[in-house]
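Here the structure is a predicted model, which is why all the values come from computation and not from measurement. We name chains A, B, ... by the order of the sequence lines, and we start the count at 1 in each one.
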Protein chains: 2
Amino acid sequence: MVSIKDVAAHAGVSPGTVSNVLNRPGKVAPATRERVEAAISELGFVRHGSASTLRAGHSRTIGLSVIDIGNPFFTEVAAGVEDVSSELGYAVILGNSAGSQDKEDRNLRVLAEHRVRGVLITPSGEDPARLDRLREHGISVVLVDHPAHRPDQCAVAVDDVGGGRAAVAHLLAQGAASVAYVTGPLTIRQCVERQEGARTAMRAAGLDPAGLRVIESMTMTARAGEKAASDLIASGLPESVFCANDLLALGVLRALLRSGVRVPEDVALIGYDDIDFAAASTVSLSSMRQPTYQLGRIATELLLDECDNPETHAHQHIMFQPELVARESTQ
Amino acid sequence: MVSIKDVAAHAGVSPGTVSNVLNRPGKVAPATRERVEAAISELGFVRHGSASTLRAGHSRTIGLSVIDIGNPFFTEVAAGVEDVSSELGYAVILGNSAGSQDKEDRNLRVLAEHRVRGVLITPSGEDPARLDRLREHGISVVLVDHPAHRPDQCAVAVDDVGGGRAAVAHLLAQGAASVAYVTGPLTIRQCVERQEGARTAMRAAGLDPAGLRVIESMTMTARAGEKAASDLIASGLPESVFCANDLLALGVLRALLRSGVRVPEDVALIGYDDIDFAAASTVSLSSMRQPTYQLGRIATELLLDECDNPETHAHQHIMFQPELVARESTQ
DNA sequence: ACCCTCTAATAGAACGTTTTACTTCCTGCG
DNA sequence: CGCAGGAAGTAAAACGTTCTATTAGAGGGT
């Protein structure tokens, strides 16, 4: 394996000069630089990242820990993260917590061992202590799709209360007099806040928020949505349904149409996330769009700014507003 | 930052012993081991992975380079890769080539610098030279969803010719007398091979393979599928349509239904990949299922076996058969 | 001619592990 | 009693970079 020394010997300079060519090309005379660069490509030298990290004290790698890489929401976030990182020459180590705190802990440990420059994480629980431990090791943390735990920390989130309010306000504006909320586990922050928003909208419209019918599923999949819809049909349909994500909504939609219920004439339906398939389903689905890709991009930019410019960096708590996308299922 | 030396001092042993506790716990007396372990957790020590990699000459990291992380197909592959890696204590560096050779090259370079143990890649082009360069640096390469370039290499693929044949054979068996093939760019190996399979099936049924109507789109999205469907409607509908992936098929389905064409009564329709949404759409979509998650798992197992047991490792070329999943859209 | 500054390059230590060769101590056996 | 052999632990040399201090040389101003 060819090292910096071999390059140095081949170019007739010292290893330090080669290092300068690599890291501070301005510091070395043009003629020498060219000679070194020729030697590099001639020998096919590639820098040993670990040696570099060891000596320099920091790596050009960040960690990304998400809850479910199979969920289109996180996939788009990951795409944003990957794009920015790749532009700035950073590598991304991917961790999938699959909702398990254990797995998340294991992943964070791996990231700590790699001495990543920073970590982007959508935490799967509400315990900030594990993240504080990372910070003690000098690893910056930026929260994604989650409000900040503490002031000296960046976070990029979306207003879930506002989103829930807007979704239900839209249903009510379309003339619905009753609303059901089909949701995932109410241990998940997002589900709870969207529910809270739904109640706010009802209150604003002069309805009793206690009248919100809540159907809670353990998973947030289309199958769970179908199940929820049959519960609704069995116990009497509301005039409108708000689902905590689009997968649930697509399941509800399918089960309703199967049973001869017309959407939106009999029941208006709105989802959340605006995944690609929402627009493509047969009765196109209204939804709350989140700037998913941007979430990933901005979080990464904040993280890398915090790493590369620690003295000028200002911590930011960014809160996006989701955007209502009205389609056939509500009009 | 606490190092192995601090731990050694705190436990009253030498650094070498701490290293042994970490890497070969059997070699150290139980009493000492406990003392060291206590020191480790007391000081909150985490091993410096780069130092370890530098000295040991190899890392516990692999690279994963895919063509489009936004595509559910690759997402599921990634989930399989991540699960196996995480079980065996390996970290995964993610690279998204987005179909660009340049970006793929950049990603491979980053992986080489990180001295990853191996690389899993779905190559975006057909040039094996770049991958050979990795091998010269001692990095094992396993191809995913792509046949092997050379015998001394592992590869995990799916029979795309067979899949195309089975899909079209199914359409013909359902009574269709004409077939259109809606595909992505015919520079993509998978699209070409599925087309070849389709022709084989026609030949086997006594039809002229030249009668296959081919509609080629530049992207493989639902939108492209809708466009393709309007082309078909404008120029006269075939009795059946085979799509190179499910996103195209869902777009075709939607456009057809919108125009009052009944599926499957007027036109039978089959997709490819069997993504989750295929089963969830209003007219559920027939498709060719690929063992996507398994693809990721097995490729990773092969790679890590090649890395961890270089002497006993036997290179394998695995070819899965896709499985026909018949749903409403073809019966 | 002398001192000062500036540029270009170098030597060599340091980063935190792993590993090899070595010491020490114990145990069992002839 | 002496000695082989194993177990447990240590000291010190790597691994391939980066970085600090240092040197050598080239001008430039007085």
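Contact annotation for Ser3(A): backbone-only contact, meaning every heavy-atom pair under 4.0 Å involves sugar-phosphate atoms and none involves a base. Residue contacts for Ser52(A): at a heavy-atom cut-off of 4.0 Å it reaches the sugar-phosphate backbone alone, with no base atom in range.
Side-chain N/O atoms of Asp152(B) and His315(B) include no donor and acceptor closer than 3.5 Å. In this structure, a donor-acceptor pair under 3.5 Å is present between the side chains of Gln190(B) and Asp145(B).
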Side-chain polar contacts of residues 69-83 of chain B - donor-acceptor pairs under 3.5 angstrom, sequence neighbours left out - could you list them?
{"unit_1": "Asn71(B)", "atom_1": "OD1", "unit_2": "Phe73(B)", "atom_2": "N", "d": "2.8"}
{"unit_1": "Thr75(B)", "atom_1": "OG1", "unit_2": "Ile69(B)", "atom_2": "O", "d": "3.1"}
{"unit_1": "Thr75(B)", "atom_1": "OG1", "unit_2": "Asn71(B)", "atom_2": "O", "d": "3.1"}
{"unit_1": "Glu82(B)", "atom_1": "OE1", "unit_2": "Lys103(A)", "atom_2": "NZ", "d": "2.8"}
{"unit_1": "Glu82(B)", "atom_1": "OE2", "unit_2": "Asn96(A)", "atom_2": "N", "d": "3.1"}
{"unit_1": "Asp83(B)", "atom_1": "OD2", "unit_2": "Tyr293(B)", "atom_2": "OH", "d": "2.6"}

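Taking atom CZ on Phe45(A) and atom C1' on dT17(D), their separation rounds to 8 Å, with Å as the unit. The distance between atom NZ of Lys27(A) and atom C1' of dA8(C), rounded to the nearest whole Å, is 10 Å.
In this structure, of dT18(D), dT10(C), dT17(C), it is dT17(C) that holds the atom nearest to the side chain of Lys5(B).
Nearer to the 5' terminus of DNA chain D, by closest-nucleotide assignment, is the contact made by Ala51(B) (compared with the other of Ala51(B) and Asn20(A)). Between Leu54(A) and Thr32(A), the one whose closest nucleotide on DNA chain C sits nearer the 5' end is Thr32(A).
Between Arg130(B) and Glu104(B) there is a salt bridge, since at least one side-chain N of the basic residue sits less than 4.0 Å from a carboxylate O of the acidic one. Classification of Glu193(B) and Arg189(B) as a salt-bridged pair holds, one side-chain N sitting under 4.0 Å from a carboxylate O.
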With the criterion being N/O to N/O and under 3.5 Å, what pairs connect the protein with nucleotides 12-14 of chain C, and how long is each?
{"unit_1": "dA14(C)", "atom_1": "N3", "unit_2": "Arg55(A)", "atom_2": "NH1", "d": "3.0"}

